[in-house]
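First the structure, then my questions, so here it is.
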Amino acid sequence: AAAATPLKSIAPFPIGTCAMTGHFDDRAWVDLCLTHCSQITPEWEMKMEYILSETGDYRWDAPDRIADFCTTHGLRLYGTTLVWYSQDSAYFRSLPRERFGAEYDRYIQTVAGRYRGRATGWDVVNEAVAEDGNGLRTCMWSEAFGQDGYIIRAFEQAKLADPDAVLFLNDYNLENLPTKGATFLRLVERLLKAGVPVGGIGTQSHLDIEIPAGQTAAFFRQAAQFGLPIHVSELDASLRSEGRIDLRSPRQRLEQQTARVAELTEAFMDLPQTQRFAFTVWGLRDTDSWLRRDARDDGKDSPLLFNAAGRPNPMFTAVADAIRAG
Ligand code: G3I
C-alpha cells in the first residue's frame, strides 16, 4: 500500500503526538513522528511526578531532552501539566501549611519559566471537573486554596512565568459526557468573567466509541463560542466496548471508532482557523498507547492512527479524509 500521506502536510494546524525520551532511541518512532507531526507533548516527563522529588528537588534531564528534540527537529513543544489533582507529590504532602502557597507558586514559575519562549502552550490545570461532571473535584490543591482558588492562582502564576504561552484548561470525557462538558464550559466562563488568563480550551478526546452520533460535534459548537483556541490534546479511541450498546463485532466497533473520530475531526475542521490550536493524538502506534499498558488491556486494542508496524489504521484514513474534506 502507498505510504500514508503526511498529516502535517494536509492539516492547516499543528498535528501533535505525545512522547517520552525512550521513543527517541526508536528509529521507527522518530521517522513516523517527523513524517506526520509538528508538535510534541511530553507524555509524563514534564509532570510533577517526574520533575519534583519527595525532598523538593527538581530534575530536568528528561524534560530538557524532549525540549531539545523539539528544537533540533523544529517541532512545537506543548507542556502538560502544571497542576493536576492526581499528582500531589509527597513533597507537598510533607509541607507545613504556611509553606504551601510559596512552594505552589515556585513550582509553577520554575517549570513554566524554564521553558519560557520554547513551550507554545501549557495545560495549566488538568482535569478540574468531577468524574461524573457534577461540580469540581476536591484535591490537595483545592483544600489549600479553594475550589476555584487553586485554578485561578495556577493561571496567574503561569502567566507571570511565561506571558506568551497559551494557557489551557484541559479535561476529558467532555464529548463523552455532556454533563461534564457543560460543567467544564461553565468553569471556563466563570474564570474568563473573573479575568483569569485562560487562553485556550483543551479537550483530551479519549473518545468513547459507544456515544451517540452528534454529541461530539455539539460539544465543539458550545466550546467554540468563547472564541478561544481549542486543542484536541490527547486523541485516542479505544475499541474496547464497555457494553453500553449491544456488543458489536470487531467490524462494527471499527465502524463506530472511525465514525466518532471522523465526527471529531470534522468538528475541529469547522472551527475558525484562529481557534484550531493543534490536533494531538495520544501516541503514534497502537503499541505506544497508554491503553496497551492499562490493566484492562486485551492486547488487541487499536486506539491510534498507526498499527504496531507503523502502518495506517482505518482511524488514520478517517482523520485524513475529514481534514481533506474540510
Ligand atoms: O517508564 C517508567 C519505567 O522506567 C519505570 O520503571 C516505571 C515505574 O516507575 O514508570 C515508567 O513510567 C511511567 C510512564 O507512564 C511510562 O509508562 C510512569 O510511572 C507513569 O506514571 C506514566 O503514566 C502516564 C500517566 O499519564 C501519568 O502521568 C502515562 O504514560 C500517560 O499516558 C498518562 O497520560 C494521561 C494524561 O496525562 C491526562 N489524561 C489521561 C492520560 C492517560 O491516563
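The residues of the chain are indexed from 1 along the displayed sequence. The structure displayed is predicted, hence computed values, not measured ones.
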_Go through it in stages, so that I can follow the logic: the residues are Asp105 and Arg153, the test is salt bridge (Lys or Arg N to Asp or Glu O under 4.0 Å), and I'd like the CA-CA distance, side-chain angles, deciding distance and then a yes or no._
CA-CA 8 Å; Asp105 297 347; Arg153 187 167 184 149; 2.8 Å; yes

_Pairwise distance CG(Leu254) to CG(Asn313) - rounded to 0.5 angstrom_ =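 These two atoms lie 8.0 Å from each other.
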
*asked:* Tell me if a side-chain donor or acceptor on Gln147 pairs with a main-chain N or O of Arg137 at a distance below 3.5 Å.
replied: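 Yes.
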
*Polar side-chain atom of Glu266 near backbone of Ala325 as donor-acceptor pair, under 3.5 Å*: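 Not at all, since once roles are kept as given, no pair shorter than 3.5 Å links the two residues.
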
*Verdict with reasoning, Trp60 to Thr110, per side chain to side chain contact (heavy atoms under 4.5 Å, CB included)*: CA-CA 11 Å; Trp60 303 111; Thr110 304; 3.7 Å; yes

*Examine distances only and state if a side-chain atom of Arg292 and a backbone atom of Gly299 form a donor-acceptor pair shorter than 3.5 Å.*
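Looks like yes, one N/O pair under 3.5 Å.
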
*asked:* Within this structure, what is the OG1-CZ distance for the pair Thr265 and Phe279, rounded to the nearest 0.5 Å?
replied: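 Here the rounded value is 3.5 Å.
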
*Per the ring-ring contact (aromatic ring centres under 6.0 Å, His included) rule, which among Phe184, Phe155, Tyr78 passes with Phe168?*
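Single pass found, and it is Tyr78.
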
*Quick one: CG on Leu75 to OG1 on Thr41, what's the gap to the nearest 0.5 Å?*
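It comes to 11.0 Å.
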
*Sole residue of Asp208, Asp294, Asp301 in side chain to side chain donor-acceptor pair (under 3.5 Å) with Ser238*: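 The option that passes is Asp301.
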
_Donor-acceptor under 3.5 Å (Asp286 side chain, Leu304 main chain)_ =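 The answer is yes, because a donor-acceptor pair under 3.5 Å joins these two groups.
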
*State whether Asp148 and Arg190 are salt-bridged, where the test is any N-O pair (Lys NZ or Arg NE/NH1/NH2 against Asp/Glu carboxylate O) under 4.0 Å.*
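Salt bridge present between Asp148 and Arg190.
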
*Answer yes if the ring centres of His36 and Phe316 are under 6.0 angstrom apart, and no otherwise.*
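Yes - the distance between ring centres of His36 and Phe316 falls below the 6.0 Å cut-off.
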
*Would a distance-only check, ignoring hydrogens and angles, find a side-chain to backbone donor-acceptor pair under 3.5 Å from Asn173 to Glu131?*
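No, the answer is negative, given that no donor and acceptor are paired below the 3.5 Å cut-off.
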
*Ignoring hydrogens and angles, state whether a donor on the side chain of Gln256 or Arg253 is under 3.5 Å from an acceptor on the partner side chain.*
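Arg253 and Gln256 do not have a side-chain donor-acceptor pair below 3.5 Å.
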
*Centre of Phe306's six-membered ring, under 6.0 Å away, within 45 degrees of the axis: is that where NZ or CZ of Arg285 sits?*
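No - Arg285 does not lie over the ring of Phe306 by the 6.0 Å and 45° rule.
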
*asked:* Checking side-chain polar atoms at under 3.5 Å, does Glu49 have a donor or acceptor matched by the opposite partner on Gln87?
replied: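 Note: Glu49 and Gln87 side chains meet the donor-acceptor criterion.
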
*Minimum heavy-atom separation for Ala237 to Ile209, with atom names?*
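Result for this residue pair: CB-CG2, 4.2 Å.
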
*Would you say the side-chain atoms of Thr81 pair up with the backbone N or O of Asp123, donor to acceptor, closer than 3.5 Å?*
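Here the side-chain-to-backbone pair exists.
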
*asked:* Check for me whether Arg65 meets the cation-pi criterion with Phe24, that is, NZ or CZ under 6.0 Å from the six-membered ring centre and within 45 degrees of the ring axis.
replied: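 The answer is no; the distance or angle limit is not met.
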
*Determine the minimum heavy-atom distance between Pro14 and Gln39, stating which atoms define it.*
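In this case the closest contact between Pro14 and Gln39 is CB-OE1, 4.0 Å.
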
_Out of the candidates Thr80, Leu174, Asn126, only one should pair with Gln204 under the side-chain contact (heavy atoms from CB on, under 4.5 Å) rule; please name it._
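Of the listed options, the one satisfying the test is Asn126.
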
*asked:* Just to verify, which of Thr183, Asn176, Leu177 counts as forming a side-chain contact (heavy atoms from CB on, under 4.5 Å) with Lys180?
replied: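 Exactly one option meets the side-chain contact (heavy atoms from CB on, under 4.5 Å) with Lys180, and it is Leu177.
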
*asked:* Quick one about Glu54 and Ser89 (side-chain donor to acceptor, distance below 3.5 Å, no hydrogens or angles considered), yes or no?
replied: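 Not at all, the side chains of Ser89 and Glu54 share no donor-acceptor pair under 3.5 Å.
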
_Give me the atom names and distance for the closest heavy-atom approach of Ala278 to Arg76._
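Nearest pair, atom of Ala278 first, then Arg76: CB-NH2, 4.2 Å.
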
*Check against side chain to side chain contact (heavy atoms under 4.5 Å, CB included), Glu189 and Leu192*: CA-CA 5 Å; Glu189 187 171 33; Leu192 290 172; 5.9 Å; no

*State which residue, out of Tyr104, Trp84, Tyr107, fulfils the ring-ring contact (aromatic ring centres under 6.0 Å, His included) condition with Trp141.*
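It is Tyr104, the one option of Tyr104, Trp84, Tyr107 that forms the ring-ring contact (aromatic ring centres under 6.0 Å, His included) with Trp141.
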
*Could you walk me through whether Arg106 and Glu103 pass the side chain to side chain contact (heavy atoms under 4.5 Å, CB included) check?*
CA-CA 5 Å; Arg106 175 170 170 247; Glu103 287 303 299; 2.9 Å; yes

*CG of Asp164 to CZ of Arg116: how many Å apart, nearest 0.5 Å?*
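Answer for the CG-CZ pair, Asp164 versus Arg116, is 6.5 Å.
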
*Is there a side chain to side chain donor-acceptor pair (under 3.5 Å) between His231 and Thr203 once you walk through the steps?*
CA-CA 6 Å; His231 184 195; Thr203 177; over 6 Å; no

_Working for side chain to side chain contact (heavy atoms under 4.5 Å, CB included), residues Tyr150 and Glu143_ = CA-CA 9 Å; Tyr150 85 94; Glu143 279 153 23; over 6 Å; no

*Between Phe13 and Phe277, does the ring centre distance come in under 6.0 Å?*
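So the answer is no for these two rings.
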
*Look at the side-chain heavy atoms of Ile, Leu, Val, Met, Phe, Trp and Tyr, link any pair under 4.5 Å apart, and say whether Leu191 and Val125 land in one connected group.*
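Yes, it is one cluster - the side chains of Leu191 and Val125 are joined through contacts under 4.5 Å.
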
_Has Glu127 got a side-chain atom pairing as donor or acceptor with Asn170's backbone, closer than 3.5 angstrom?_
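A pair under 3.5 Å: no.
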
_Is it the case that the side chains of Thr21 and Glu45 hold a donor-acceptor pair, with the cut-off being a distance below 3.5 Å and no angle test?_
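A pair is found: one side chain offers a donor N or O, the other an acceptor, under 3.5 Å apart.
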
_Pair Glu263, Arg260 - check salt bridge (Lys or Arg N to Asp or Glu O under 4.0 Å), show working._
CA-CA 5 Å; Glu263 182 183 329; Arg260 294 290 66 76; 2.8 Å; yes

*If you link ILVMFWY side chains whenever their heavy atoms are less than 4.5 Å apart, which other residues fall into the same cluster as Leu291? By chain and number, please.*
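Trp282, Trp290, which link up through side-chain heavy atoms under 4.5 Å apart, make up the rest of the cluster.
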
*Quick one: does Glu43's side chain have a donor or acceptor within less than 3.5 Å of a partner on Met20's backbone?*
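The answer is no, because no donor-acceptor pair under 3.5 Å joins these two groups.
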
*Between Val188 and Leu169, which heavy-atom pair has the shortest distance, and what is it?*
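Shortest heavy-atom separation between Val188 and Leu169 comes out as CG2-CD2, 3.9 Å.
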
*Minimal non-hydrogen separation, Ser205 against Glu175, with atom names*: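 Distance-wise, the nearest heavy atoms are OG-OE2, 2.7 Å.
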
*Is there a donor-acceptor pair under 3.5 Å between the side chain of Arg59 and the backbone N or O of Tyr50?*
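Yes, the answer is positive, given that a donor and an acceptor are paired below the 3.5 Å cut-off.
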
*Considering all heavy atoms of both residues, which atom of Ala11 and which atom of Ile323 are nearest to each other, and what is their separation?*
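Closest approach of Ala11 to Ile323, heavy atoms only: CA-CG2, 3.8 Å.
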
